[in-house]
> 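Got a structure for you, written out below as structure tokens; questions coming shortly.
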Amino acid sequence: MRRGGRIKKIAAILTCAGMAFAAVGCGAGSDEQGNGAETVQTAESEPAETAEEGNVTEEQDATQETEQAVVQNPQEWAWDAEDEETLRCAFAKGFGGRAGVCVPMAALTDAARMEIVKGQFNSVTMENEMKPDTLLGNKPDIGEDGFPVLTFTVPDMMMKEIKAYNDSVEKDGRKLMVRGHVLVWHSQTPEWFFHEEYNVDKPYVDQQTMLARMENYIRQVMEHYEGADSPYQGMIYAWDVVNEAVNDTDGGMRTDSSWFRVFNSSDFVEQAFVYANRYAPAHIKLFYNDYNDTNPKKADGICKLIEQIKANPEARIDGMGMQGHYDMDFSDVLFKQAAKKYAAVVDEIQITELDLKASRGFDGENTEEEYQKQAQVYKSLYDAVKSMKQEGVSITAIVFWGTDDRHSWLQSANAVGGSADGTRVQCPLLFDKDYEKKPAFWAFVDDSKLEPAE
């Protein structure tokens, strides 16, 4: 989804970002760019040139996997008294998963907002900063190999500060691991990427050329963050490989996509997971991610797509990302039915962009009543998650799409899936516009503090 506007005043943000992460808030002593000459390469030719560069030795890989296993196992984390009323502690104990939050670049200069991030969460998803339009830019910069040169300046600003923060904390459960979002998506990918000579006035490229571009893009991303010389190696624990490729009506492929216009099939999705598997270390979980995830027809279509991916021996898909852009009519029954469908075809599920649109009659006045209703809906969701854990359904993270109501993307009109229409006030998250905990917070951390449901 498009979450917020273009990143502005990067220099000022970079100057202040260090201060935002330097203040430890989790316990004392711890813790979204011309034409270029094009050299067309086939999808088959590129891997032979890059596979050796992108791989580490078996010994190095084994060492890295061992280290990551410790960091990424919530059930092994130790907690103390100051962790007790935190989402990260509650989630680790409640269902053995991570507590995640969407963080944009602008949040780094808001000390109170960052206090929520550091004090409550141990998973971060960048709002726009890792999406293709940020890395590719508005205008193509084509290298000698004929492929776009990616620019990591913006996400690396955030990665640098997250790393510095993580280095300052002692407990793994308090460290902020990163969910990569997203590699392949029809939205927020510059249109020039799909055209001959990277020129939108020219026809779409053929499928082999597009596959070569996709592979090169994924390889560059993985090498940048997981290569032997990367200072960020091991910080990313999951990637959304493909986002929102299935339509809402019958569960078929969505056709309003330049990816689909080039391929006229779902083959690009399958190949994305082939390339992600080729270049991503084994410890990084690879996800398909989508909204309207409890719709039965769409869920069936997603499962069919996942089965296609799994049938390819060169592909790997580890999980399903249920975005979780729900509303006050949320049905825990439909949620559980859909989650069980996904669990039958993938190893794990994550709720990746959770928020709740306000009641249809809410006008922003009787906030306390709305907050109590919202808390009960969130409680029904969390109860369903914990219940499915007991039934053997592996849900490994709940990620909220924002820290607080003031900064939620739902406050403005948006035409993409899961969005709001801008006609009413929204209060979708666990903290209000003043960063205070709402009843919804306690629905996850201590539901004994909630008012009884009517």
> Between Lys175 and Asp172, is there a salt bridge with N-O shorter than 4.0 Å?
yes
> Could you tell me whether Asp250 atom CG has more than 12 heavy atoms of other residues or ligands within 6.0 Å of it?
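More than 12 within 6.0 Å, yes.
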> Side chains of Gln308 and Glu270: do they bring a donor and an acceptor to under 3.5 Å?
yes
> Check whether any side-chain heavy atom of Phe121 sits under 4.5 Å from a side-chain heavy atom of Ile116, and report yes or no.
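A side-chain contact under 4.5 Å exists here.
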> Under 4.0 Å between a side-chain nitrogen and a carboxylate oxygen: does that hold for Lys163 and Asp167?
yes
> Report yes or no: does Asp404 contribute a side-chain atom to a donor-acceptor pair with the main-chain N or O of His407 at less than 3.5 Å?
yes
> Between Asp83 (side chain only) and Asp80 (backbone N and O only), is there a donor and an acceptor less than 3.5 Å apart?
yes
> For the rings on Phe95 and Phe91, is their centre-to-centre separation under 6.0 Å?
yes
> Shortest non-hydrogen contact from Met130 to Pro155?
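Closest heavy-atom pair between Met130 and Pro155: CG-CB, 4.0 Å.
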> Does the side chain of Glu191 pick up a donor-acceptor pair with the side chain of His195 at under 3.5 Å?
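There is such a pair between these side chains.
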> Please round to the nearest 0.5 Å and tell me the distance separating atom CZ of Phe335 and atom CG of Leu381.
5.0 Å
> What distance do Tyr342 atom OH and Cys303 atom SG have between them, rounded to the nearest 0.5 Å?
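Here the interatomic distance stands at 6.0 Å.
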> Examine distances only and state if a side-chain atom of Asn277 and a backbone atom of Glu314 form a donor-acceptor pair shorter than 3.5 Å.
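Yes.
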> Do Tyr275 and Asn216 have a side chain donor and acceptor closer than 3.5 Å?
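Asn216 and Tyr275 do not have a side-chain donor-acceptor pair below 3.5 Å.
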> Classify the ring geometry between Trp259 and Phe194 as parallel (under 30°), tilted (30 to 60°) or perpendicular (over 60°).
perpendicular
> Evaluate the side-chain hydrogen bond (donor to acceptor under 3.5 Å, both in side chains) criterion for residues Asp318 and Tyr288: first the C-alpha distance (whole Å), next the side-chain angles of each, then the deciding distance (0.1 Å), finally the verdict.
CA-CA 9 Å; Asp318 301 298; Tyr288 175 77; over 6 Å; no
> NZ/Lys357 to CD/Gln426 distance, rounded to the nearest 0.5 angstrom?
7.5 Å
> Could you check whether Thr352 and Gln323, counting side-chain N and O atoms only, form a donor-acceptor pair closer than 3.5 Å?
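No, no side-chain donor-acceptor pair sits under 3.5 Å.
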> Could you go through the side chain to side chain contact (heavy atoms under 4.5 Å, CB included) check for Asn289 and Trp239 one step at a time?
CA-CA 10 Å; Asn289 193 55; Trp239 266 102; over 6 Å; no
> For the side chain of Asp240 and the backbone of Val242, is there at least one donor-acceptor N/O pair under 3.5 Å apart?
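Such a contact is absent between Asp240 side chain and Val242 backbone.
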> Report the C-alpha distance between Tyr378 and Phe441 in whole Å, list the side-chain angles of each, state the deciding distance to 0.1 Å, and finish with yes or no for side chain to side chain contact (heavy atoms under 4.5 Å, CB included).
CA-CA 9 Å; Tyr378 269 129; Phe441 173 86; over 6 Å; no
> Give the minimum heavy-atom separation between Val399 and Ser123, together with the two atoms involved.
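Closest approach of Val399 to Ser123, heavy atoms only: CG2-OG, 4.4 Å.
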> For residues Trp192 and Leu136, report the shortest heavy-atom separation together with the two atoms involved.
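So the minimum-distance heavy-atom pair works out to CZ2-O, 3.6 Å.
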> Just verifying a value: how many Å separate His186 NE2 and Phe268 CZ, rounded to the nearest 0.5 Å?
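Answer for the NE2-CZ pair, His186 versus Phe268, is 9.0 Å.
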> Do Val184 and Tyr217 touch side chain to side chain, with heavy atoms closer than 4.5 Å?
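With C-beta onward as the side chain, the pair stays apart.
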> Run the side chain to side chain contact (heavy atoms under 4.5 Å, CB included) test on Met114 and Thr109 for me, step by step, so that the C-alpha distance in whole Å, both residues' side-chain angles and the decisive distance to 0.1 Å come before the verdict.
CA-CA 8 Å; Met114 291 311 302; Thr109 57; over 6 Å; no
> Does some side-chain heavy atom of Ile349 sit less than 4.5 Å from a side-chain heavy atom of Met322?
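They are in side-chain contact.
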> Are the side chains of Val241 and Trp185 in contact, using a 4.5 Å heavy-atom criterion?
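Answer no - side chains too far apart.
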> Between Glu129 (side chain only) and Met105 (backbone N and O only), is there a donor and an acceptor less than 3.5 Å apart?
yes
> For the residue pair Tyr279 / Glu215, report whether a side-chain donor-acceptor contact shorter than 3.5 Å exists.
yes
> Which pair of heavy atoms, one from Val393 and one from Ala339, lies closest together, and at what distance?
CG1-O, 4.5 Å
> Is the NZ or CZ atom of Arg179 both under 6.0 Å from the centre of the six-membered ring of Phe287 and within 45° of that ring's axis?
yes
> Could you tell me if the side chain of Val124 sits less than 4.5 Å from the side chain of Ile162, heavy atoms only?
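Yes - at least one pair of side-chain heavy atoms lies under 4.5 Å apart.
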> Just by distance, no angles: are the side chains of Asn122 and Trp77 close enough, under 3.5 Å, to form a donor-acceptor pair?
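Judged by distance alone, the side chains do not pair up.
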> Is a side-chain N or O of Glu226 found less than 3.5 angstrom from the main chain of His224, in a donor-acceptor match?
no
> For Val246 and Arg254, run side chain to side chain contact (heavy atoms under 4.5 Å, CB included): C-alpha distance rounded to whole Å, both residues' side-chain angles, the deciding distance at 0.1 Å, then the answer.
CA-CA 5 Å; Val246 175; Arg254 65 186 304 159; over 6 Å; no
> Should Gln337 and Pro296 count as side-chain neighbours, where that means a heavy-atom distance under 4.5 Å?
no
> Is a side-chain N or O of Ser168 found less than 3.5 angstrom from the main chain of Tyr165, in a donor-acceptor match?
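Yes, the answer is positive, given that a donor and an acceptor are paired below the 3.5 Å cut-off.
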> Measure the CZ-NZ distance between Phe444 and Lys386 for me, rounded to the nearest 0.5 Å.
9.5 Å
> Do the side-chain N and O atoms of Gln120 and Thr86 include a donor-acceptor pair separated by under 3.5 angstrom?
no
> How about NZ on Lys389, more than 12 heavy atoms from neighbouring residues, nucleotides or ligands closer than 6.0 Å, or not?
yes
> Within 45 degrees of the axis of the six-membered ring of Phe431 and under 6.0 Å from its centre: does Arg113 put its NZ or CZ there?
no
> Is the positively charged end of Lys298 above the ring of Tyr291, judged by distance under 6.0 angstrom from the centroid and angle within 45° of the axis?
yes
> Of all heavy-atom pairs between Glu391 and Lys340, which one has the smallest distance, and what is that distance?
OE1-NZ, 2.9 Å
> What are the two closest non-hydrogen atoms of Met253 and Phe260, and how far apart are they?
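Of all heavy-atom pairs spanning Met253 and Phe260, the closest is CB-CE1, 3.7 Å.
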> What I'd like to find out is whether the side chain of Met210 reaches to under 4.5 Å of the side chain of Phe193, using heavy atoms alone.
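Side chain of Met210 against side chain of Phe193, heavy atoms only: contact under 4.5 Å found.
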> If only atom types and distance count, is the side chain of Asp405 paired as donor or acceptor with the main-chain N or O of Leu429 below 3.5 Å?
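Yes; judged by distance alone, with no hydrogens or angles, the pair exists.
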> Distance alone, cut at 3.5 Å: any donor-acceptor contact between the side chains of Asp141 and Tyr198?
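No, no side-chain donor-acceptor contact under 3.5 Å.
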> Could you check whether any side-chain heavy atom of Thr151 comes within less than 4.5 Å of a side-chain heavy atom of Leu135, counting everything from C-beta outward?
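Not touching, per the 4.5 Å side-chain cut-off.
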> State which residue, out of Asp293, Asn292, Thr294, fulfils the side-chain hydrogen bond (donor to acceptor under 3.5 Å, both in side chains) condition with Tyr326.
Asp293
> Between Tyr237 and Arg98, is there a cation-pi geometry (under 6.0 Å to ring centre, at most 45° from the normal)?
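The answer is yes; both the distance and angle limits are met.
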> Could you give the distance from OG (Ser408) to CG (Leu356), rounded to the nearest 0.5 Å?
10.5 Å
> Tell me if the centroids of the rings in Trp401 and His181 come within less than 6.0 Å of each other.
yes
